[in-house]
Amino acid sequence: MTTPATVLAHGVGGRQDLPITLPQLVVAAALTLVVTFVALGLLWREPRLDRDAVGGRPVPRWLARLIDAPAFRWALRGLGLLAAAWFCLGLLGGPDIADNPTAGALYVLLWVGLAPLSLLLGPVWRALNPLRTVHLLATLALRRDPDRGLRELPPGVGLWPAAATLFGFVWLELVAPDRATLPVITAWLAAYAVVLLAGAALFGAAWFDHADPFETYSSLIGQLAPIGRAADGVLVWRNPLDGIAGLRPRPGLVAVVIVLLGSTMYDSLSNAPAWLRFGQENGLHPAATGSGGLVLVIAAVAVAYLLATAAAARIGRGGKSGMFGHL
């Protein structure tokens with residue numbers, strides 16, 4: 001049975017609402033991809049974006065002073081804490097999901113809403129992240145440097161922890177049984193908070209940069225925001241494509257992108273009649289079927305990426321595979 005939260009989490013319509021048949025949709029999508037990549041291959045043979053650009057037009061001074069003001073940053077932290085407190089009150093509310101906004105707040109306001117907000121304003125979750133603020137307040141109370149933990153973060157860890165926690169969230173959203181119920185949401189969020197806060201205590205505040213799935217997601221999309229920082233730290237209005245061109249390769253970055261793409265693809269495929277029929281007839285628990293399907297689709301996206309980059313390395317002049325040259 002589809003709950004209101006499930007409907008909210010996955011939109012209000014589907015492919016069947018389109019005025020075209022499924023074969024027409026598949027052919028149109030395939031042609032769009034082919035034409036797009038052929039056009040890019042023929043028309044974009046030389047780099048046209050400056051990944052090292054320090055330019056852009058500086059924002060007005062009043063806006064730069066406002067954004068960089070400590071009071072403004074603390075106001076954003078306070079807003080994040082208030083939102084988290086409201087969310088926790090929802091977790092303590094009644095079990096009737098139709099009257100409880102918690103699932104909608106997690107799957108729609110946060111996960112879906114974070115994309116356009118980051119696209120417009122940049123990596124906003126870093127400023128709002130209530131767990132980052134809790135860690136900061138705890139270290140201030142203990143008179144410790146928030147950037148220093150009990151141990152140094154291992155070199156090369158990159159975004160691999162974020163890829164793992166991101167997979168955990170998309171599994172919750174797409175596969176977990178009773179995923180719109182308060183006990184399931186509470187259990188997942190408790191585990192998420194423990195992993196993030198324990199890691200921050202061990203490795204310092206940098207752990208959030210490496211392990212928080214929402215912060216990583218917001219930061220990736222924020223590379224396309226029209227406002228950003230130049231190499232010297234000055235806030236500028238910029239070409240959003242210059243921002244994404246400046247994204248530097250990091251260990252685990254490709255894994256994060258593959259999990260995002262694979263989970264999106266699985267979300268679409270899991271509603272196909274053939275998959276629904278397979279899930280009903282294979283005799284396995286729906287969570288086992290869904291988990292296996294999610295892993296297989298993400299693995300297929302990873303294989304497609306590796307094949308595409310290998311082909312690009314052979315075709316390219318320098319034998320390099322581009323911005324995401326390695327996992």
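The figures here come from the full heavy-atom set of this structure, side chains too, leaving out hydrogens, waters and symmetry mates.
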Check whether any side-chain heavy atom of [X] lies under 4.5 Å from a side-chain heavy atom of [Y], and answer yes or no.
| X | Y | answer |
| --- | --- | --- |
| Y305 | V257 | no |
| T216 | L166 | no |
| V112 | Y107 | no |
| L202 | L153 | no |
| R77 | L128 | no |
| I185 | F87 | yes |
| V59 | I227 | yes |
| Y217 | S118 | no |

How long is the straight-line distance from [atom2] of [Y] back to [atom1] of [X], given to the nearest 0.5 Å?
| X | Y | atom1 | atom2 | answer |
| --- | --- | --- | --- | --- |
| I221 | L119 | CD1 | CG | 7.0 Å |
| I298 | I258 | CD1 | CD1 | 9.5 Å |
| W171 | R179 | CH2 | CZ | 9.5 Å |
| W188 | L172 | CH2 | CG | 6.5 Å |
| L220 | L253 | CG | CG | 6.0 Å |
| L81 | W74 | CG | CH2 | 8.5 Å |

message: Checking H135 now: which residues fulfil ring-ring contact (aromatic ring centres under 6.0 Å, His included) with it, not counting sequence neighbours?
response: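 F208.
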task: Walk me through it: do V256 and W160 pass the test side-chain contact (heavy atoms from CB on, under 4.5 Å)?
output: CA-CA 8 Å; V256 168; W160 284 108; over 6 Å; no
- request: Begin from the C-alpha positions of W111 and L106 and carry the test side-chain contact (heavy atoms from CB on, under 4.5 Å) through to its verdict.
  value: CA-CA 6 Å; W111 184 241; L106 176 63; over 6 Å; no
How close do [X] and [Y] get, heavy atom to heavy atom, and via which atoms?
| X | Y | value |
| --- | --- | --- |
| A205 | D147 | CB-OD1, 3.7 Å |
| R229 | R238 | N-NH1, 4.4 Å |
| W125 | L114 | CB-CD1, 4.1 Å |
| N129 | Y192 | OD1-OH, 4.5 Å |
| F203 | P154 | CE2-CD, 3.8 Å |
| P58 | W237 | O-CD1, 4.2 Å |

message: Does R65 qualify as a cation-pi partner of W62, given the criterion of NZ or CZ under 6.0 Å from the six-membered ring centre and within 45 degrees of its axis?
response: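 No cation-pi geometry.
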Judged by atom type as modelled, is there a donor-acceptor pair below 3.5 Å linking the side chain of [X] to the main-chain atoms of [Y]?
| X | Y | result |
| --- | --- | --- |
| S218 | F214 | no |
| R126 | P123 | no |
| T181 | D178 | yes |
| T139 | D145 | no |
| T165 | A211 | yes |
| S263 | L260 | yes |

field: Derivation of the side-chain contact (heavy atoms from CB on, under 4.5 Å) call for V170 and V175
entry: CA-CA 8 Å; V170 297; V175 175; over 6 Å; no
In terms of hydrophobic clustering (I, L, V, M, F, W, Y; side-chain heavy atoms under 4.5 Å; direct or indirect links), are [X] and [Y] co-clustered?
| X | Y | value |
| --- | --- | --- |
| L66 | L79 | yes |
| L117 | F72 | yes |
| V184 | F169 | yes |
| L76 | L109 | no |
| L197 | L150 | yes |

- prompt: Thinking salt bridges, do R250 and D209 make one under a 4.0 Å N-O criterion?
  reply: no
D68 and R73 ion-paired at < 4.0 Å: yes
